[in-house]
Amino acid sequence: MGKSASKQFNDEVLKAHNEYRKQHGVPPLKLCKKLNREAQQTLHSHGMEEYKEDGSGEGVCK
């Protein structure tokens with residue numbers, strides 16, 4: 001069974017971000033499941049069910 005799309009996306013973004021950090025001599029970051037969960041809950045509590053890119057580089061919360 002493969003990774004979920006969101007897990008794969010998180011892993012890819014983290015990898016790219018850490019490659020950039022490495023170029024600047026700073027330690028890598030790691031994902032925090034608790035922080036991710038709390039951020040998602042905050043979005044939901046503000047009536048924002050979903051976050052997407054609108055194609056122009058702008059984020060859109062629905």
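All heavy atoms count here, side chains included; hydrogens, waters and symmetry mates do not.
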Residue list, side chain to side chain donor-acceptor pair (under 3.5 Å) with Gln41, at least two apart or on another chain: none
Which residues share a side chain to side chain contact (heavy atoms under 4.5 Å, CB included) with Leu31, sequence neighbours left out: Asn10, Asp11, Leu14, Asn36
Matching residue for Glu19 among His17, Lys15, Lys22 - test: side-chain contact (heavy atoms from CB on, under 4.5 Å): Lys15
Glu12 side chain to Gln8 side chain, donor-acceptor N/O pair below 3.5 angstrom: yes
Co-members of Val13 in a cluster of I, L, V, M, F, W and Y side chains, linked at under 4.5 Å: Phe9
Residues which pass side chain to side chain contact (heavy atoms under 4.5 Å, CB included) with Lys30, listed by chain and number, not counting sequence neighbours: none
